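To find a chain, count down the sequence lines: A is the first, B the second, and so on, and within it residues start at 1. Note that the structure is a prediction, hence the values are computed from the model and not measured.
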Amino acid sequence: MDYKSTLNLPTTGFAMKANLAQREPERLKRWQQLELYQKIRAQNQGRPLFVLHDGPPYANGEIHIGHAVNKVLKDTIIKAKTLSGYDAPYVPGWDCHGLPIELMVEKKVGKAGVKVSHKEFRKACRDYAAKQVELQKAAFIRLGVLGDWDKPYLTMDYLFEADIVRSLAQICRNEHISKGAKPVHWCTDCGSALAEAEVEYEDKHSPAIDVRFSVVDSDKFLAACQLQPGHQGQGPISVVIWTTTPWTLPANQGVALNADMDYVLVQCQHEGQPERLLLAHDLMKSAMLRFNIDEYHVLANCQGAELEHLLLQHPFYDRQVPIILGEHVTIEAGTGAVHTAPGHGQDDYVVGQRYGLPVDNPVGANGVFVPGTALFEGMHVFSANDKVIETLKERGKLLHHHALLHSYPHCWRHHTPIIFRATPQWFIAMDKNNLRAQALTEIKRVQWIPDWGQARIESMIVGRPDWCISRQRTWGVPITLFVHKQTGELHPETEQLIEQVALRIEQHGIDAWFELSADELLGHDAENYDKISDTLDVWFDSGVTHAAVLARRTGLRFPADLYLEGSDQHRGWFQSSLLASVAMHNVAPYQAVLTHGFTVDAKGEKMSKSKGNVIPPQSVMAKLGADVLRLWVASTDYRGEMRVSEEILERTSDGYRRLRNTARFLLSNLADFEPSQHLVSNDELVALDRFILDKAYQLQQDVIAAYEAYQFQTVFQKSPSFLRH
RNA sequence: GGGCCUGUAGCUCAGUUGGUUAGAGCGCACCCCUGAUAAGGGUGAGGUCGGCCGUUCAAAUCGGCCCAGGCCCA
């Protein structure tokens, strides 16, 4: 006899075994064949719009687990919003220009302008980026992320490139652009700027010198040191600086001390003459030893901060330079006083900006002092070292001189020492036309999740220097400006000219600018103008996605409802997007910004290849399935660091099985349930049923509230808890 | 070195304005079931709430210092 029909056995097509690794790809294929994303778009048309704008990952390399976290969070929100009745499109994008791609391509085809033409090089970059996009796209699809994968946005699309240029034009029109100078790594053999990655450190012999900067007003100086009357010592007073680049002294504009460091004024005799020297307390002994001075005593102690703004005499030029304060001054070497040439050093530049010091650059592209440079014109910087030392000696400013072997940046191609050299650059000026203030106003209007994001980005905006948007690179969107050769002014028709260029770029991509001859647009006037050959910082590209995507595509909207990225983007994309958008439209490009933390290992430490604690998403998907990876993301509080390990994923997998089995049990029990026949009205339900229905309703409300607040870990916590009842 | 953030059972998380023996799910141990079976049920163990010092009648919760870690700078 067959008892099977007499028993209430589970009846369901819902398999017990998930077998995710095998079955997920089949399901994804079905979604694709169904054109599921497009169907959802069509069906939800007319519903309230919810725009989550995708921040473009950089198109280089396999995705790592951080990418997975980011995309899964976005996808979860998109799907939850869709279920809540919104039209929630998702247009993924990629960041395609920039140095990392150039470097990869250089390895394959050689340097632009050397082995291949710039045009061929750009073509190779475009092809390379396209391949990387496909690679990452496949991984994102495999993750189960639903979106417009057929029509993503690429910052290298011709139309996108044209819109970048148009955005620049608008920012120009709103008068936020300024031209300035900034020190960059410079190879005098290449005659060009080098990127960070093109610099290699090698040992080099340099002359190390200690130089006197005489105090201009002794009384004022002594008062600042709070020196007791009658114990003031005697002889000239100097602040002593130590440097290994004597050739940068012609560009000196200040002497930096550390505000919190202790300094001493020392009475001593040098070559028979009494004098007083200011040195860092902790470096006094080593300095005196170096100067070969045995007898000395301390006249006064003070902190660096007390000497701020006092004036010093430049050692060989007729100018006075201020004492300034900078955190970069340390007691590692030297005297505790740092000669500052804003045109020849990064730290010097930054601190110089703070004090409004001029960015003086007397050195030409070939490393030779430009005509008009007193004492040194026509000399190459490294051979000028001797002349500088000689000059200092003549004027009694040289305290000591010795040779030093140290690690020094070199050009990776020529293996010759490089210099820092200020070159003309384009900036988005933070304080021109109210940009910083308006950005800060807009920040207050935005909802920051978690809320400390606001303080974080605020302090960054308050403190940041002007945004240098120019790069001297090949694979980037050109700064399409014409500058008057004599006056340095932009062409009066700039706005209209840029639109003409943009139209050409729409047709032929960025090559259209590089191949353009100025007289095509300017006619006879071309001879009076320089056509800028700089490219834009890639952060500018991604910073204007709101213009090139949100405002451009139908079905989207500017500003977006939500931007969602890792917390590093407070300095990156959130900031570049905010500044670009405020510079263009005076408003933030987003209503809300959500950040997630970084993935770390079981011990809470950073993942790295060398530590061997990296968890590739590909292997998780292959072993446990994308849904387990997604459930891990959903179950983790993303506000802080997110821990992942084999064990954590195993636990997640356990949780997944439990959820799955419960769903199967419910489905099988409902297999023969016909609502029209079997539905029981509320007042006929037994108390236990009413109790559980109420519980279920409460849970539902909690879950909806958790989704609204983007707190997926709450959903994950509460659901199994309920299932126990 | 600076700004911001994190630190509650093996794992993931709750813990409301400071107030009784600090909770949940998973895992673990033991037991039961063996027609929901790569399942299910029951019982139980497990925590110096990162550390120290304060404020308070009372601190996981408030304040200070420190430790470990993360992001961004220097």
Flag, side chain of A:D348 to backbone of A:G343, donor-acceptor distance under 3.5 Å: no

Check: A:L143 main-chain N/O paired with A:R630 side-chain donor or acceptor under 3.5 Å: yes

Quickly work out the [X] [atom1] to [N] [atom2] distance and round it to whole Å.
X	N	atom1	atom2	answer
A:E650	B:rC11	CD	P	15 Å
A:Q22	B:rA38	CD	C1'	14 Å
A:Y638	B:rC13	OH	P	12 Å
A:W448	B:rG3	CH2	P	21 Å
A:R643	B:rC71	CZ	P	13 Å
A:I457	B:rC71	CD1	P	19 Å
A:F574	B:rC73	CZ	P	14 Å
A:K606	B:rC5	NZ	C1'	15 Å

So, do A:I461 and A:Q575 sit near enough that their side-chain heavy atoms are less than 4.5 Å apart? yes

Of the listed nucleotides ([options]), which one gets closest to any side-chain atom of [X]?
X	options	result
A:T636	B:rC13, B:rA36, B:rC11	B:rC13
A:I648	B:rG41, B:rC71, B:rC11	B:rC11
A:R571	B:rC73, B:rU12, B:rG41	B:rC73
A:S635	B:rG70, B:rU12, B:rA36	B:rU12
A:E647	B:rA39, B:rG10, B:rG70	B:rG10
A:D568	B:rC71, B:rC26, B:rA38	B:rC71

Do any side-chain nitrogens or oxygens of [X] fall under 4.0 Å of OP1 or OP2 in [N]?
X	N	result
A:Q713	B:rA14	yes
A:R456	B:rC5	no
A:K603	B:rG7	no

Can you tell me, in whole Å, how much space there is between the [atom1] of [N] and that of [M]?
N	M	atom1	answer
B:rC11	B:rC57	C1'	38 Å
B:rU17	B:rA58	C1'	15 Å
B:rG25	B:rG42	P	11 Å
B:rG46	B:rG54	C1'	32 Å
B:rC5	B:rA9	P	22 Å
B:rA60	B:rC13	C1'	15 Å
B:rG7	B:rG63	P	14 Å

Residues two or more places apart in sequence or in another chain: which of them pass salt bridge (charged side-chain N to carboxylate O under 4.0 Å, His left out) with [X]?
X	value
A:E650	none
A:R643	none
A:R651	A:E647, A:D654

So what does [X] hit on the nucleic acid, given a heavy-atom distance under 4.0 Å: a base, only sugar-phosphate, or nothing?
X	value
A:R651	base
A:E605	sugar-phosphate
A:G604	sugar-phosphate

Once salt bridge (charged side-chain N to carboxylate O under 4.0 Å, His left out) is applied, what residue pairs with a partner in residues 438-451 of chain A remain, sequence neighbours excluded? A:E442-A:R445, A:K444-A:E458

Between A:D627 and A:R660, does at least one N-O distance fall below 4.0 Å, as a salt bridge requires? no

Tell me whether the rings of A:Y563 and A:Y590 are parallel (<30°), tilted (30 to 60°) or perpendicular (>60°). perpendicular

For A:W448 and A:F574, take the angle between the two ring planes, folded into 0 to 90°, and tell me which bin it lands in: parallel under 30, tilted 30 to 60, perpendicular over 60. perpendicular

Begin from the C-alpha positions of A:V644 and A:M607 and carry the test side chain to side chain contact (heavy atoms under 4.5 Å, CB included) through to its verdict. CA-CA 10 Å; A:V644 222; A:M607 301 188 136; 4.0 Å; yes

Do A:S577 and A:H546 pair up side chain to side chain, a donor and an acceptor below 3.5 Å, judged on atom types alone? no

So if I take residues 616-630 of chain A and measure heavy-atom distances to RNA chain B, which residues fall below 4.0 Å? none

Taking for A:A455 and for A:D637 the nucleotide of RNA chain B with the nearest heavy atom, the one nearer the 5' end belongs to A:A455

If you pin A:S567 and A:A602 to their nearest nucleotides in RNA chain B, which one's is more 5'? A:A602

A correct dot-bracket answer for RNA chain B, with pairs being Watson-Crick or G-U at under 3.5 Å, [ ] for crossing pairs and | for inter-strand pairs, is (((((((..((((.....[...)))).(((((.......))))).....(((((..]....)))))))))))).

